[in-house]
A.B. asks: 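I have a structure here, written as structure tokens, and I will follow up with some questions on it.
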Amino acid sequence: MKAAGNELRDRHIEQAKSYAAEANIRWVVLTNCVNWSLYHLSFEEGIETERVFTCDLSIEDIDKAAESIALLHEQSIRKGEHEDFWKRHAALDASSLGKALYTESVLRLIRREIRKREGILVDEEDLAKAIHGMLCEDAREKMGPVKIRRKRQRLPKKIEALAKATAPTDAAAVGSAEPIPESTSELPLEEVLVKS
């Protein structure tokens with residue numbers, strides 16, 4: 001906590017994060033009693049900090065400010081409301097939305113809708129790039145490069161069983177140059193069909 005007349009600076013934020021990281025504390029509140037900020041720290045790959053909210057009582061709508069600061073109340077913390085708020089915040093973050101948006105099934109649905117309305121079939125890659133271009137620069141940075149997440153195709157059970165039955169044993173493959181895959185799911189469908 002800083003005095004009300006003091007402006008919160010980057011060095012104050014870094015100092016608070018440093019204290020929290022040393023004590024392995026995941027939550028940091030930084031305030032000068034006018035400006036309030038709540039930060040979430042994660043320690044999976046180094047120390048990552050995400051601002052959960054910032055509230056300036058001198059200009060903020062009173063209802064919105066009360067909602068944010070209520071998360072810091074003792075009862076809210078005991079009930080885990082700050083954790084729930086964080087989960088919701090993380091789920092609606094640009095990187096999370098990007099992972100959901102750039103899935104094959106979502107893009108297929110949008111393509112279908114465009115085809116119905118416009119009478120043209122657009123490529124998934126072109127559609128993903130167009131959506132990415134519509135977003136603000138900050139959202140694009142959080143999402144990272146466009147990468148369509150495709151479902152892994154399962155082989156029909158009969159083909160998988162046939163491929164396992166005809167695959168050479170480890171003893172027969174000792175002299176071969178190619179490693180034997182542990183399952184046919186590691187092979188492209190064409191190779192399984194050719195090998196069986």
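Below, each value reflects all heavy atoms present in this structure, side chains not excepted, and no hydrogens, waters or symmetry copies.
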A.B. asks: Examine distances only and state if a side-chain atom of R115 and a backbone atom of I120 form a donor-acceptor pair shorter than 3.5 Å.
C.D. replies: no
A.B. asks: I'd like to know if K64 pairs up with E67 as an ion pair, taking the criterion as any Lys NZ or Arg NE/NH1/NH2 lying under 4.0 Å from an Asp or Glu carboxylate oxygen.
C.D. replies: no
A.B. asks: Do I77 and W36 land in one hydrophobic cluster if side-chain heavy atoms of ILVMFWY residues count as linked below 4.5 Å?
C.D. replies: no
A.B. asks: To the nearest 0.5 Å, what is the distance between CD1 on I25 and NE2 on H40?
C.D. replies: 12.5 Å
A.B. asks: As a quick check of understanding, evaluate side-chain contact (heavy atoms from CB on, under 4.5 Å) for F85 and V52, giving each step before the final call.
C.D. replies: CA-CA 8 Å; F85 185 85; V52 180; 3.3 Å; yes
A.B. asks: If the condition is side-chain hydrogen bond (donor to acceptor under 3.5 Å, both in side chains), which residues does S42 pass it with, not counting sequence neighbours?
C.D. replies: none
A.B. asks: Is there a side-chain contact between L101 and I131 in this structure, where contact means two heavy atoms from C-beta onward sitting under 4.5 Å apart?
C.D. replies: yes
A.B. asks: Strictly below 4.0 Å, N to O, side chains only: are K87 and E83 in salt-bridge contact?
C.D. replies: no
A.B. asks: Can you check whether A70's main-chain N or O pairs, donor with acceptor, with S76's side chain at less than 3.5 Å?
C.D. replies: yes
A.B. asks: Please give me the minimum heavy-atom distance between I69 and C55, naming the atom from each residue.
C.D. replies: CD1-SG, 4.3 Å
A.B. asks: side-chain contact (heavy atoms from CB on, under 4.5 Å), that's the test. Do I114 and L127 meet it? Break it down for me.
C.D. replies: CA-CA 10 Å; I114 290 172; L127 177 59; 3.8 Å; yes
A.B. asks: Considering only NZ, NE, NH1 and NH2 on the basic side and carboxylate oxygens on the acidic side, decide whether R108 and E104 come within less than 4.0 Å.
C.D. replies: yes
A.B. asks: Would you say E14 and K17 make side-chain contact, with heavy atoms under 4.5 Å?
C.D. replies: yes
A.B. asks: How many angstroms lie between atom CG of D56 and atom OG of S68, to the nearest 0.5 angstrom?
C.D. replies: 12.0 Å
A.B. asks: Using every non-hydrogen atom in the two residues, find where E50 and D93 come nearest and quote the distance to one decimal.
C.D. replies: OE2-OD1, 4.0 Å
A.B. asks: Which heavy atom of V29 sits nearest a heavy atom of L72, and at what distance?
C.D. replies: CG2-CD2, 3.7 Å
A.B. asks: Quick one: closest heavy-atom pair of S37 and Y39, and the distance?
C.D. replies: CB-CE1, 3.5 Å
A.B. asks: Can you check whether R111 reaches L121 side chain to side chain, under 4.5 Å on heavy atoms?
C.D. replies: yes
A.B. asks: Is there a side-chain contact between L41 and W27 in this structure, where contact means two heavy atoms from C-beta onward sitting under 4.5 Å apart?
C.D. replies: no
A.B. asks: May I ask whether L57 and F53 are part of the same hydrophobic cluster, defined by side-chain heavy atoms of I, L, V, M, F, W, Y residues being less than 4.5 angstrom apart, directly or through others?
C.D. replies: yes
A.B. asks: With rounding to the nearest 0.5 angstrom, report the NZ to NE2 distance, K79 to H73.
C.D. replies: 10.0 Å
A.B. asks: Is it the case that more than 12 heavy atoms not belonging to I62 sit under 6.0 Å from its CD1 atom?
C.D. replies: no
A.B. asks: Nearest heavy-atom pair of A128 and L107: which atoms, and what distance?
C.D. replies: CB-CD1, 4.2 Å
A.B. asks: Assess whether atom CD of E113 is packed by more than 12 heavy atoms of other residues, nucleotides or ligands within 6.0 Å.
C.D. replies: yes
A.B. asks: Could you check whether the rings of Y102 and H132 sit parallel, tilted or perpendicular, using 30° and 60° as the cut-offs?
C.D. replies: tilted
A.B. asks: Going through the checks in order, is the side chain to side chain donor-acceptor pair (under 3.5 Å) test met by E81 and W86?
C.D. replies: CA-CA 8 Å; E81 291 176 8; W86 166 249; over 6 Å; no
A.B. asks: Are the side chains of V28 and L38 in touch, meaning some heavy atoms are under 4.5 Å apart?
C.D. replies: no
